Amino acid sequence: MNGDPEYIETMPQNPLLVTETLDPILAKPLLGPTSELAIATRPVFLDNRESPVQWSENDWKHLEVNRQDIFDMSAIMEQFDQASFLTDGYAILKEIMTPEVIKKWTESLKYGQQLNDRLLKSDWSQINWQALGRTQPKTFLTANEIKNALGGSQMVPQTDDEAGVKTLRQHSVLAEYFPAGHVPFLMDVLTHPQMLQLQRMCLGCHDIYFDHNQLLTRSAGYAGGTWHSHKIGGGTDNGGITSPLEYQTQPNFNLTLCYPQGFEAKDGGLKLIRGSHLFRDPTGCHATNDEEMQKGWLAKRLHPVTNQPMKIEHLSLPPGSIVCCLSHAAHAVEPKASLKKPRWCSLYCYKKADDVSGYVQPPHSVPPIWAMKALRGELPAVLTELFRPSFDNKLTGGRTHYEQT
Ligand SMILES: O=C(O)CCC(=O)C(=O)O
Ligand SMILES: [Fe+2]
């Protein structure tokens with residue numbers, strides 16, 4: 001704190017990786033029992049009795065014992081080729097979910113969205129802000145901001161924490177951020193052996209880690225997502241053109257976009273450019289629309305492996321499909337007309353260590369409560385290992401933030 005009572009400091013992204021002493025207001029939630037922070041992240045008006053953040057040891061056992069297949073692994077094996085994944089930067093896996101899973105996954109995403117909307121519509125003065133590590137906000141979202149955000153994802157204004165949105169995001173009180181902590185089936189997916197097998201195939205190694213998980217609901221009137229790619233840190237961002245083999249040695253992550261209902265190209269559809277990741281250019285690879293991308297970033301470039309011109313692909317996918325997208329691979333999303341039904345998607349992002357240093361970049365977003373539970377041995381071993389980069393700063397080489405080199 002800087003002594004000004006109006007000044008609002010937010011908790012570091014990965015507080016358990018920080019070695020300096022934190023401000024007492026921020027540190028308080030990290031010192032008590034995890035049950036106290038868990039309760040604060042689930043205000044009573046959310047009325048979510050099955051929330052995995054409050055699971056007992058028995059609930060975790062129940063998850064293991066009752067697990068059913070989520071994927072048709074033979075369909076994945078037929079479609080997945082690791083060499084193409086490294087050359088293209090994408091794997092498109094069509095109709096790989098079982099019919100029951102398509103149904104369950106869709107229901108879970110709808111329920112997660114309902115929880116998000118419920119929070120947006122509630123009275124935020126009822127939230128125990130102190131238990132989340134901050135003073136009660138003095139300003140609230142406006143009625144219009146709330147209306148705009150309802151039914152969709154990434155629509156709540158959050159350039160600062162004045163209204164407390166960043167705090168609610170970081171602690172996953174807003175269910176769109178880390179929905180696996182709110183909806184049992186989405187937690188099942190996060191830790192499912194078939195999901196982990198898919199991640200090992202994509203990342204090309206055994207030791208994999210969790211990075212972040214979101215709902216990506218695109219509802220009627222969605223304006224579309226501009227062209228971009230993501231930074232991974234570890235010194236490889238903006239590192240210039242590289243080969244697939246060298247690319248594989250980086251601390252890559254794998255954005256795993258799961259579309260249980262699929263989508264039509266011109267209706268919130270995902271777009272991509274094969275080979276774009278090999279330029280490792282998250283700072284330069286941007287465009288507001290396809291035309292700008294074609295005339296700009298794309299015009300000067302050939303695919304580094306095939307030497308062919310690169311092109312924009314507009315995907316259109318049947319229900320039960322997944323797209324895996326490697327670190328710096330460019331992507332964008334088509335808008336959605338009014339009166340259309342939502343496009344449902346859940347994002348699971350996993351990562352690997354840097355093959356040279358052995359270090360793993362800290363996660364983009366593991367809520368502090370989950371890092372604490374993992375550190376204190378309150379979670380199943382598989383989850384503790386997936387969350388390890390959120391609390392083990394030997395593994396992260398002392399880094400606290402994913403973008404650090
Ligand atoms: O909504 C989508 O399909 C993709 C969203 C996206 O760009 C991301 O999650 O990084
Ligand atoms: Fe993205």
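Owing to the predicted nature of the structure, the values given are computational and were not obtained by experimental measurement. Numbering of ligands and ligand atoms starts at 1, following listing order. Heavy-atom basis, side chains included; hydrogens, waters and symmetry copies ignored.
- In this structure, His328 has its ring center under 6.0 Å from that of Tyr247.
- Put simply, the angle at the Fe ion (ligand 2) from NE2 in His331 to NE2 in His228 is close to 90°, to the nearest 10°.
- Near His228, the atoms of ligand 1 lying under 4.0 angstrom from a non-hydrogen atom of the residue are 7 (O), 10 (O).
- Nearest protein heavy-atom neighbour of atom 3 (O) of ligand 1: Arg343 NH1, 2.7 Å.
- Contacts between Trp227 and ligand 1 below 4.0 angstrom, taking non-hydrogen atoms only, are absent altogether.
- In this structure, the protein non-hydrogen atom closest to atom 9 (O) of ligand 1 is Leu216 CD1, 3.4 Å.
- Considering both main-chain and side-chain atoms, Gln154 never comes within under 3.5 Å of ligand 1 through any nitrogen or oxygen pair.
- Cation-pi geometry between Arg301 and Phe279 is met: the NZ or CZ atom falls under 6.0 Å from the ring centre, inside 45° of the normal.
- If you check which protein heavy atom lies closest to atom 5 (C) of ligand 1, you get Arg218 NH2, 3.5 Å.
- Residue His331 touches ligand 1 through its side chain alone, judged by heavy-atom distances below 4.0 Å.
- Looking only at heavy atoms of the protein, atom 10 (O) of ligand 1 is closest to His230 NE2, 2.9 Å.
- Using a 4.0 Å cut-off to heavy atoms of Val333, the atoms of ligand 1 that qualify are 1 (O), 2 (C), 3 (O), 4 (C).
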